[in-house]
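Here, residue 1 is the first one in the sequence, and each next residue gets the next number. Numbering of ligands and ligand atoms starts at 1, following listing order. All of these numbers come straight from a predicted model, not from anything done at the bench. Any value given below was found using the heavy atoms of this structure, including those in side chains, with hydrogens, waters and symmetry copies removed.
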Amino acid sequence: MGRKFLVALGGAALALSLAACSGGGAGSGGDTSSDKPSDLTIGVSMPTQTSERWIADGNAVKSKLEAKGYKVDLQYAGDDIPTQSQQVDQMITQGADVLVIAAIDGTALNSQLQAAAAAKIPVISYDRLIRGSKDVDFYVSFDNYKVGVAQGTALLVGLGLLNKDGSKGTAKGPLNVELFAGSLDDNNTQYFFNGAMDTLKPFVEDGTLIVKSKQTTPEQVATLRWQQETAQKRMENLLTSAYNDGSKVDGVLSPYDGISRGIITALQNAGYGKGAKKLPVVTGQDAEIASIKLINDGVQNSTVFKDTRLLAEQAVNAAEAFLQKKQPQANDTETYNNGVKVVPSYLLPIATVYKDDIKATLIDSGYWTAEEVAAGQAKK
Ligand code: BGC
């Protein structure tokens with residue numbers, strides 16, 4: 001047993017070390033470096049199980065830590081902020097030695113982080129940066145701005161305005177596009193949206209792309225909690241408000257596969273994808289199996305693949321470094337300012353997946369099997 005803490009309730013701002021226990025146990029701020037892995041617990045807080053990627057992330061972090069002998073307390077918060085706060089509070093009171101947190105709302109865990117800091121528990125922000133707190137010790141994620149660039153580029157390639165090699169395509173505008181962004185409380189949303197908009201901007205400015213709804217600000221295009229149904233409703237509203245004059249949508253910027261599927265359902269319900277009314281080009285993210293099937297079937301244009309196995313590995317490396325009282329290795333110490341400090345980060349590369357890339361990028365790497373792609377469903 002590494003340590004035991006009692007955390008004062010009511011915001012959990014105060015952590016008191018009650019029993020710094022024997023056996024090299026850490027106690028408050030004690031040294032875990034000589035503890036056996038089996039004496040150490042890593043609390044892993046994930047946002048939701050409604051999206052495949054977080055299930056894969058949670059499982060991968062847990063199994064990699066357990067393979068090294070550590071104990072793992074993995075919790076999912078059902079996309080509910082108070083639930084996540086409570087779960088993290090509990091991990092602290094139960095004596096977690098490191099916390100790995102993918103926050104629902106990047107600003108909602110401040111009192112938990114204060115409690116963790118008071119108890120000298122290192123906090124690793126997982127994929128989504130926790131904002132407004134000095135008590136975030138490390139960040140593992142992907143290059144989130146590049147995700148947005150990849151989505152904007154995929155939209156342009158799908159529309160024929162660019163070729164995959166970046167050269168000018170043969171299509172001529174004007175083409176109608178609509179824009180979707182993720183949840184505004186997720187720090188990643190701004191990176192995805194900015195990356196995409198920086199890429200699309202010249203085409204909007206010269207009139208090649210027209211956002212017919214005129215909804216272009218992050219507030220107008222955001223999707224609370226990244227929900228598929230919310231995106232479907234907004235697409236339905238866009239179709240009835242901006243496209244009731246016989247005009248057609250040619251492309252939709254979507255930041256996440258679940259949102260893409262909501263958009264596609266709305267379009268199909270409105271008659272797109274039948275006869276001459278072609279489905280627009282729809283982008284995505286996460287390589288969710290249902291979307292990979294849609295890409296394979298020519299329904300969704302593309303997705304951005306972020307290998308959660310590699311992310312889990314980086315989280316495990318960082319956790320282990322902290323437990324051994326070392327600093328995890330960062331490869332970016334400039335980009336991720338959380339409003340209070342720049343959080344040292346390890347950022348992983350991303351890959352755009354069009355239909356032609358499914359085999360090499362996803363099947364050959366063992367992320368999905370050919371059967372899963374054909375079925376559009378994960379086996380496990
Ligand atoms: C992640 C994306 C994911 C989205 C919705 C973001 O924070 O970076 O991979 O699509 O959350 O779950």
Side-chain angles (χ1 to χ4, degrees), residues 45-61 76-81 84 100-109 124-131 136 139-151 154 180-196 218 221-231 253-263 282-292 294-295 300 302-312 314-315 332 335-336 338 343 345-353 362 367:
S45 171
M46 290 283 150
T48 177
Q49 282 171 301
T50 56
S51 149
E52 250 159 35
R53 76 149 286 186
W54 299 114
I55 300 175
D57 285 284
N59 289 342
V61 173
Y76 285 91
D79 255 342
D80 182 54
I81 297 167
Q84 186 162 43
V100 176
I101 304 173
I104 297 164
D105 178 326
T107 58
L109 291 170
I124 300 164
S125 204
Y126 188 92
D127 198 52
R128 296 174 171 178
L129 185 63
I130 297 176
R131 294 192 52 81
V136 190
Y139 180 45
V140 292
S141 189
F142 296 85
D143 190 326
N144 292 304
Y145 181 82
K146 275 201 192 135
V147 171
V149 171
Q151 290 167 337
F180 282 71
S183 199
L184 290 181
D185 50 11
D186 180 340
N187 189 57
N188 288 344
T189 292
Q190 54 174 321
Y191 286 90
F192 301 154
F193 193 62
N194 291 344
V221 305
T223 315
L224 184 66
R225 299 283 117 74
W226 302 87
Q227 273 181 11
Q228 179 164 342
E229 305 72 37
T230 308
L253 174 75
S254 166
Y256 154 59
D257 286 345
I259 290 179
S260 314
R261 294 196 296 278
I263 293 166
V282 181
T283 61
Q285 173 170 209
D286 286 348
E288 291 199 337
I289 193 62
S291 286
I292 296 305
L294 292 179
I295 294 169
Q300 185 175 320
S302 57
T303 189
V304 176
F305 173 52
K306 306 194 304 192
D307 195 332
T308 49
R309 299 168 297 190
L310 301 182
L311 186 61
Q314 288 308 323
D332 185 307
T335 311
Y336 285 94
N338 77 347
V343 183
S345 311
Y346 196 98
L347 305 180
L348 289 155
I350 54 124
T352 305
V353 174
L362 299 176
Y367 200 76

Show me the donor-acceptor pairs, under 3.5 Å and distance only, between side chains in residues 221-231 and residues at least two apart or in other chains.
from	atom 1	to	atom 2	distance (Å)
Thr223	OG1	Ala181	O	2.7
Arg225	NH2	Asp185	OD2	2.0
Trp226	NE1	Asp186	OD2	3.3

*Answer yes when Arg53 and Asp257 have at least one side-chain N-carboxylate O distance shorter than 4.0 Å, and no when they do not.*
no
*Name the orientation class of the two ring planes belonging to Tyr191 and Tyr336 (parallel below 30°, tilted from 30 to 60°, perpendicular beyond 60°).*
tilted
*Step-by-step side chain to side chain contact (heavy atoms under 4.5 Å, CB included) determination, Asp57 to Leu311*: CA-CA 8 Å; Asp57 285 284; Leu311 186 61; 3.9 Å; yes
*asked:* So, using side chain to side chain contact (heavy atoms under 4.5 Å, CB included) as the criterion, who are the partners of Pro349 when residues are at least two apart?
replied: none
*Who passes side chain to side chain contact (heavy atoms under 4.5 Å, CB included) against Val149, sequence neighbours left out?*
Tyr145, Thr153, Thr199
_Residues in contact with ligand 1, criterion: heavy atom under 4.0 Å_ = Arg53, Trp54, Asp127, Arg128, Asp186, Asn188, Phe192, Trp226, Tyr256, Gln285, Asp286, Lys306
